[in-house]
Amino acid sequence: MSESRAIARKSIGGMVAAWGVSGLKFATALASMPILLRLIGDDAIGGFAYSTLVYEALGMFRSLRGGEYLVRLRDDEVEREWPTVFAVDLATGALLAALSFAFAGPILEAAGAPHLAPYLQVLAIQYLLNGIGMPGALVQRRLDFWRLQLPQVVGCLLRPGLKIAFAALLGWKIGALVWGDAIGFAVELAILWVVARVRPRFGFDRRVVRRLASFAWPLVAAQCLTFVYWRIDDFYVFHLLGQEDLGWYWLAFRIPEFVFNLKIAVSPVAYAALSRLGDRERRRAAFEALTRYTFVATAPLVLVSTLYGGEWIVLLFGPEFANSAVPFRILMATACLRMTIGYSADLLQAAGKTRVLLWITFSNAVALVIGAFFLTLHYDIPGTAAAVALTIVSSIPASVIVARGLVGARYLPVLGRPVALLLAVSGAGWAWRDWGPGGFVLPSIVWPLVYLGLVWRFEPCVARDWRFLKRN
């Protein structure tokens, strides 16, 4: 079997595993979130959201991205360099954990929420744990994606159970959420070390550190900017509207975020496959397939949230979260768009053009910092969601240029029919909503099935790719 065919088969298997685990996470979240929200309330959710905002802001400096660095190396280079990379990432995570724990009070006081300092100290444990997670990169590099998903399966089942138990039995609120995450993450890492079948090794080579730093600094800088346009909206909502409004916005953002985690789960597969597929034509085919099926898989969720998002929010979480409905609709469509065009970033990393990614991220961050402030100030949380959506829309031209320039891919032939079919079914759904019989549960099932059936019938690439999947 040729190397490219072997990579294709492993990548397909990895994608199935990643999407399966992400679907399980989505299902467990939908099952547990209504229970948690009723146990701890919207104000506590806002406090947890702001605690994690500060935690993630500091966490941008938790490592030098050693995992991404190792994935791109040859086998002999990995064997030689991974002890140094592991030692550097572990030391970086340990240092950040110690500093965050010691100075949690002053940090949260400067952030305007000193009462949340104890929760940052708990979350800081994960900085250290993150440095221990280097074996995941070695498993990813071997394209052994099924083995990589096992710890996540355990984690997505364990974490919600721990949070509900802490909230129901101990009466914890924010503490239930942060301790559930920390303990769940520790268990995941323990399982990862078992399935990775590697031993910890430490070393220090200045030449490796210099190469690692040269590779990492654009990614770290890009992540800092990504954090700005990924989380500045939470900061504005907390300070301009209050902690309770942040709880509503957190819920509106959380469900689309779980959907976006499908893309995050697939990104290691896409990045590893695109890095190993050196041929431009094969990269183009892989990129187009990823783009097409990501849109087709997420479009039914956009359809349901657009037609009946408000009804589902009230049914699942109660009428006190009705204010989450409008931003939820906007953010679900935004998540679909961002997932669909996001593989251009994997292309840039696979090609080693991390500085280009940095400049694209910078422009997005500037747009959101300005737009989110004014729209939140004037239109509350629906304005915040609209600012996020406009930022993602503004990045489409850059994605088009990257896809065309690196692999010769074009979005219009790939997405033209699926987008047109979604618009047609959405129009029919709105007509049915206005003039048809009442109820929303059955239509929420029927309209996505109608869309998928039309895609199967009128998108010839689907049948062709399905035959390829059956053969492989």
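We number each residue from 1, following the sequence as shown.
- Within the model, atoms CD1 of Ile370 and OG1 of Thr391 stand 10.0 Å from one another, a figure rounded to the nearest 0.5 Å.
- Between the side chain of Thr376 and the main chain of Phe373, no donor-acceptor pair closer than 3.5 Å is present.
- Within a 6.0 Å radius of CZ in Phe440, other residues, nucleotides and ligands contribute more than 12 heavy atoms.
- Summarising the geometry of Leu162 relative to Gly184, their closest heavy-atom pair is CD1-N, 4.2 Å, with the distance given to 0.1 Å.
- Contact detail for Ile313 and Ser324: the closest heavy-atom pair is CG2-CB, 4.4 Å.
- Asp234 is listed as a side-chain neighbour of Tyr249, based on a closest heavy-atom distance under 4.5 Å.
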Open item on the list: The test is side chain to side chain contact (heavy atoms under 4.5 Å, CB included); show your working for Leu303 and Tyr308 and say whether it passes.
Closed with: CA-CA 8 Å; Leu303 186 62; Tyr308 303 108; over 6 Å; no
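- Counting only distance, with no hydrogens or angles, the side chain of Tyr119 and the backbone of Trp179 share no donor-acceptor pair below 3.5 Å.
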TODO: Evaluate the side chain to side chain contact (heavy atoms under 4.5 Å, CB included) criterion for residues Leu422 and Tyr451: first the C-alpha distance (whole Å), next the side-chain angles of each, then the deciding distance (0.1 Å), finally the verdict.
DONE: CA-CA 7 Å; Leu422 177 63; Tyr451 171 75; 3.7 Å; yes
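- Here salt bridge (Lys or Arg N to Asp or Glu O under 4.0 Å) pairs that include residues 389-418, with residues two or more places apart or in two chains, number zero.
- In this structure, the separation between CG on Asp380 and CG on Leu375 is 11.0 Å, given to the nearest 0.5 Å.
- Taking CG from Leu36 and CZ from Phe317, the interatomic distance works out to 10.5 Å, rounded to the nearest 0.5 Å.
- Residue Ala389 comes nearest to Ile330 through the heavy atom pair CB-CG2, 3.9 Å, listed as atom of the first residue, atom of the second, then distance.
- Partners of Ser100 according to the side chain to side chain donor-acceptor pair (under 3.5 Å) rule, which considers only residues two or more places apart in sequence or in another chain, do not exist here.
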Open item on the list: I'd like to know whether Ile360 forms a side chain to side chain contact (heavy atoms under 4.5 Å, CB included) with Val402, so could you lay out the CA-CA distance, the side-chain angles of the two residues, the decisive distance to 0.1 Å, and finally the verdict.
Closed with: CA-CA 10 Å; Ile360 294 173; Val402 168; 4.2 Å; yes
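- Between the side chains of Tyr343 and Thr294, at least one donor N or O lies within less than 3.5 Å of an accepting N or O.
- Qualifying side chain to side chain donor-acceptor pair (under 3.5 Å) partners for Gln121, counting only residues two or more places apart in sequence or in other chains: none.
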- [ ] Starting from the C-alpha separation in whole Å, work towards a yes-or-no answer on side chain to side chain contact (heavy atoms under 4.5 Å, CB included) for Ile125 and Phe185.
- [x] CA-CA 10 Å; Ile125 298 171; Phe185 191 32; over 6 Å; no
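- The CD1 atom of Ile45 lies 12.5 Å from the CD atom of Glu244; values are rounded to the nearest 0.5 Å.
- Taking the six-membered ring for Trp and thresholds of 30 and 60 degrees, His378 and Phe374 have nearly parallel ring planes, at less than 30 degrees apart.
- In this structure, Phe328 has no ring-ring contact (aromatic ring centres under 6.0 Å, His included) partners at least two apart in sequence or on a different chain.
- If you take CZ on Arg338 and CG on Asn364, they are separated by 8.0 Å, rounding to the nearest 0.5 Å.
- For Ser344 against Phe287, the heavy-atom pair with the smallest separation is N-CE1, 3.7 Å.
- Within a 6.0 Å sphere centred on CH2 of Trp432, heavy atoms belonging to other residues, nucleotides or ligands number 12 at most.
- In this structure the side chain of Pro448 reaches within 4.5 angstrom of the side chain of Val304, judged on heavy atoms.
- The ring-ring contact (aromatic ring centres under 6.0 Å, His included) analysis of residues 41-60, with sequence neighbours excluded, yields the pairs Tyr50-Phe238, Tyr50-His239, Tyr55-Tyr127.
- No side-chain heavy atom of Thr306 sits less than 4.5 Å from a side-chain heavy atom of Ser426.
- Residues satisfying the side chain to side chain donor-acceptor pair (under 3.5 Å) test with Arg457, not counting sequence neighbours, are none.
- Shown here for Gly429 and Leu307, the closest heavy-atom pair between the two residues is C-CD2, 3.7 Å.
- One N or O on the side chain of Trp248 and one on the backbone of Glu320 form a donor-acceptor pair closer than 3.5 Å.
- Counting heavy atoms from C-beta on, the side chains of Ile40 and Lys163 never come closer than 4.5 Å.
- Inter-residue side-chain proximity for Pro443 and Arg433 is flagged as unmet; no heavy-atom pair is nearer than 4.5 Å.
- Side chain of Thr340 to backbone of Thr291: no donor-acceptor contact under 3.5 angstrom is found.
- Between Phe321 and Leu251, the closest heavy-atom pair is CD2-CD2, 3.5 Å.
- Here CG of Leu150 is found 10.0 Å from CD of Glu188. Values are rounded to the nearest 0.5 Å.
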